[in-house]
S.K.: 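The following block contains the structure, expressed as structure tokens.
Here is how names work: the chains are called A, B, and so on, in the same order as the sequence lines, proteins then strands, and each is numbered from 1.
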2 protein chains.
Amino acid sequence: MRDDDIATIMRALGHPVRLNILRILATQQRGECCCADVTESLPLAQSTVSQHIKVLLDAGLIKRLPRGTRNCYIVQHDRLAALGSAYSSMVTGLNPDGRNVETELV
Amino acid sequence: MRDDDIATIMRALGHPVRLNILRILATQQRGECCCADVTESLPLAQSTVSQHIKVLLDAGLIKRLPRGTRNCYIVQHDRLAALGSAYSSMVTGLNPDGRNVETELV
DNA sequence: TTCTATGATCGGTGATTTACGATAGAAGAT
DNA sequence: ATCTTCTATCGTAAATCACCGATCATAGAA
């Protein structure tokens with residue numbers, strides 16, 4: 001994973017509302033449906049939520065599922081995991097002693 | 001770690017130049033000195049680098065060490081690890097099956 | 001077909017970010 | 001004391017972001 005990709009994803013995660021949206025999406029059991037639901041759970045306009053969703057989409061952190069007249073979104077857990085992976089190896093690489101300060105992986 | 005803190009750190013890491021700066025700082029063996037060195041390693045003006053450094057400072061990702069006429073910076077590995085920790089538990093929390101997609105920790 | 005609901009997108013506003021050159025202050029050297 | 005070096009900060013311009021209301025396209029219902 002290139003630096004640019006890491007930065008893009010980090011950036012997408014770098015807003016509390018977007019962290020919240022991920023959580024809201026994940027909470028919907030069966031992954032079924034979301035979107036107006038998300039707006040309903042937040043003190044923001046629909047257009048604003050839609051924009052935040054787009055940022056998450058562009059970062060590949062969620063996926064769109066057209067469901068008739070509405071769009072549902074599901075969290076891309078593998079992508080989140082991939083970031084964790086890339087991040088951990090970056091942190092490990094930064095550590096001069098090579099000791100794994102904490103997270104072991106990859 | 002609160003969402004706001006996670007978002008702040010993520011955001012600080014959400015720029016390729018800043019990832020680079022972390023790497024440059026980490027590469028200086030003995031953690032000794034940096035700053036003009038950083039500017040030298042990047043195609044950016046000194047003032048711009050200084051601003052990026054400030055973002056990293058504010059996020060607690062690096063620490064300033066006054067060294068006479070110059071300032072040196074060192075990476076705060078524990079802070080990086082703390083984010084990894086917070087991130088991993090967040091991702092785990094997002095996963096409906098509770099299975100740990102990958103990174104095990106905390 | 002016409003109506004309704006959903007949600008993406010457009011246009012706009014104000015705040016923030018990224019970049020720069022210029023400046024200023026502090027520490028060390030002369 | 002003066003000069004030099006280093007670097008934070010200021011001022012500025014351009015780009016991007018976060019938010020909003022309004023609009024438009026689409027799918028389903030009437």
S.K.: Using every non-hydrogen atom in the two residues, find where B:Val38 and B:Leu25 come nearest and quote the distance to one decimal.
M.R.: CG2-CD2, 3.7 Å

S.K.: With sequence neighbours left out, what residues match B:Gln51 under side chain to side chain contact (heavy atoms under 4.5 Å, CB included)?
M.R.: none

S.K.: Could you check how far CE of B:Met10 sits from C1' of D:dC17, rounded to whole Å?
M.R.: 19 Å

S.K.: Could you give the side-chain donor-acceptor pairs of residues 53-60 of chain A under 3.5 Å, partners two or more places apart or in another chain?
M.R.:
{"from": "A:Lys54", "atom 1": "NZ", "to": "A:Asp58", "atom 2": "OD2", "distance (Å)": "3.4"}

S.K.: How many whole angstroms separate atom NE2 of A:His15 from atom P of C:dT17?
M.R.: 11 Å

S.K.: Report yes if at least one side-chain N or O of A:Tyr73 is closer than 4.0 Å to OP1 or OP2 of C:dT6; otherwise report no.
M.R.: no

S.K.: Under 4.0 Å from OP1 or OP2 of D:dA8: is there any side-chain N or O of B:Asn71 that close?
M.R.: yes

S.K.: Check the phosphate of C:dG7 against A:Arg64, side-chain N and O only, distance under 4.0 Å to OP1 or OP2. Yes or no?
M.R.: no

S.K.: Under a 4.0 Å heavy-atom cut-off, which of residues 42-59 of chain B touch DNA chain C?
M.R.: B:Leu44, B:Ala45, B:Ser47, B:Thr48, B:Gln51, B:His52

S.K.: Could you tell me which residues satisfy side chain to side chain contact (heavy atoms under 4.5 Å, CB included) with B:Val17, sequence neighbours excluded, listed by chain and number?
M.R.: B:His15, B:Ile21, B:Leu42, B:Leu44, B:His52

S.K.: Could you give the CG-to-C1' distance, from B:Leu13 to C:dT17, as a whole number of Å?
M.R.: 16 Å

S.K.: When the distance from CG of B:Asn20 to P of C:dT18 is rounded to whole Å, what number comes out?
M.R.: 15 Å

S.K.: Shortest non-hydrogen contact from B:Pro16 to A:Asp3?
M.R.: O-OD2, 4.3 Å

S.K.: What nitrogen or oxygen pairs link the protein and nucleotides 25-30 of chain D at under 3.5 Å?
M.R.:
none

S.K.: Looking only at non-hydrogen atoms, find the nearest pair between A:Ser41 and A:Ile24 and report the distance.
M.R.: CB-CD1, 3.7 Å

S.K.: Minimum heavy-atom separation for A:Cys72 and A:Arg67, please, with both atom names.
M.R.: SG-CG, 3.6 Å

S.K.: Go through D:dA18, C:dG7, C:dT17 for me and flag the one nearest to the A:Arg11 side chain.
M.R.: C:dT17

S.K.: Any pair with a residue in residues 53-72 of chain B that passes ring-ring contact (aromatic ring centres under 6.0 Å, His included), sequence neighbours left out, goes on the list, sorted by first then second residue, please.
M.R.: none

S.K.: Quick one: does A:Ser85's side chain have a donor or acceptor within less than 3.5 Å of a partner on A:Ala81's backbone?
M.R.: no

